[in-house]
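Below is one structure, written out as C-alpha cells, with a few remarks after it.
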Amino acid sequence: QVQLVESGGGLVQPGGSLRLSCAASGSIFSINAMGWYRQAPGKERELVATIATGGSTNYADSVKGRFTISRDNAKNTVYLQMNSLNPEDTAVYYCSADARSVWYGPPHEYWGQGTQVTVSS
C-alpha cells in the first residue's frame, strides 16, 4: 500500500559527505515516525536515526554529531545528511516509515529497497 524509494547512495572517500533521500508514495493516510537503518556485511541491521511527526529525533551513538535526519511532511520524504563519513559507515541503508493506509487500519512498518553507501579511499 505504501512504497518507499531511497536515493543518494554511492561511493565516497573518508571524511566526505552524502545526502540520502526517501520518498513515500501510494495509499497513505498518515505517516508517523520515519527512520533510517543500515546493515553492514556480517552484521545485524542497526538503527541509525528516527524522526517523529513533530520533529523530535533520536540517533545511534555511533552517528551522533555526524548525521542529521530531517523530513518534509508535504513531500512525504525523509532525508539523512551524512558528514565525516568513515569506512565503518559502509552499509546498505534502508528507509522505514510507520504508516497507515486508511484511518481505521492498524499502523504498519514499511521498508524501502535499500541504497548502498561505500566509504573507501
Set of residues satisfying side chain to side chain contact (heavy atoms under 4.5 Å, CB included) with respect to Ala52, sequence neighbours excluded
Ser56
Shared-cluster residues of Leu11, by chain and number - hydrophobic side chains joined below 4.5 Å
none
Atom CD in Glu46, atom OH in Tyr93: separation rounded to 0.5 Å?
8.0 Å
For residues 35-78, which residue pairs qualify under ring-ring contact (aromatic ring centres under 6.0 Å, His included), counting only residues two or more places apart or in two chains?
Tyr37-Trp111
Go through the structure and list residues passing side chain to side chain donor-acceptor pair (under 3.5 Å) with Ser96, not counting sequence neighbours.
none
Please answer whether the main-chain N or O of Cys95 pairs with a side-chain N or O of Glu6 as donor and acceptor at a distance below 3.5 Å.
yes
Just how far is it from atom CG of Leu4 to atom CD of Glu109, taken to the nearest 0.5 Å?
10.0 Å
Value for CE (Met34) from OG1 (Thr50), rounded to nearest 0.5 Å, stands at 11.5 Å
State which residues pass side chain to side chain contact (heavy atoms under 4.5 Å, CB included) with Asn86; sequence neighbours excluded, sorted by chain then number.
Arg66, Glu88, Asp89
Could you see if Ile69 belongs to whatever hydrophobic cluster contains Met82? Use Ile, Leu, Val, Met, Phe, Trp, Tyr and a side-chain cutoff under 4.5 Å.
yes
Pairs involving residues 37-87, ordered by first then second residue, that meet disulfide bond (SG atoms under 2.5 Å apart) (sequence neighbours left out)
none
Considering all heavy atoms of both residues, which atom of Pro107 and which atom of Asp98 are nearest to each other, and what is their separation?
CB-OD1, 3.5 Å
Linking Ile, Leu, Val, Met, Phe, Trp and Tyr by side-chain heavy atoms under 4.5 Å, what else ends up with Tyr79?
none
Go through the structure and list residues passing side chain to side chain donor-acceptor pair (under 3.5 Å) with Lys64, not counting sequence neighbours.
Asp61
With a cut-off of 3.5 Å and sequence neighbours excluded, list every side-chain donor-acceptor pair involving residues 18-28.
none

Strictly by ring-ring contact (aromatic ring centres under 6.0 Å, His included), give each pair with a member in residues 7-26 just once, sequence neighbours left out.
none
Give a yes or no on whether the backbone of Gln39 and the side-chain of Arg45 come within a donor-acceptor separation of less than 3.5 Å.
no
CG-OG1 distance between Asn32 and Thr53, expressed to the nearest 0.5 angstrom:
5.0 Å
Show which side-chain atoms of residues 114-121 pair as donor or acceptor with protein atoms under 3.5 Å away, not counting sequence neighbours.
unit_1, atom_1, unit_2, atom_2, d
Thr115, OG1, Gly9, N, 3.4
Gln116, NE2, Ala91, O, 3.4
Gln116, NE2, Thr118, OG1, 3.3

Write down the atom of Arg100, the atom of Gly105, and the distance for their closest heavy-atom approach.
NE-O, 3.1 Å
Linked, directly or transitively: Ile31 and Val48 (ILVMFWY side chains, under 4.5 Å):
yes
Is there a path of hydrophobic side-chain contacts, each under 4.5 Å between heavy atoms, that joins Tyr94 and Val2?
no
Quick test of your reading: applying disulfide bond (SG atoms under 2.5 Å apart), list the pairs with at least one residue in residues 46-94, sequence neighbours left out, ordered by first then second residue.
none
Compare all side-chain heavy atoms of Arg38 with those of Val63 and state whether any distance is below 4.5 angstrom.
yes
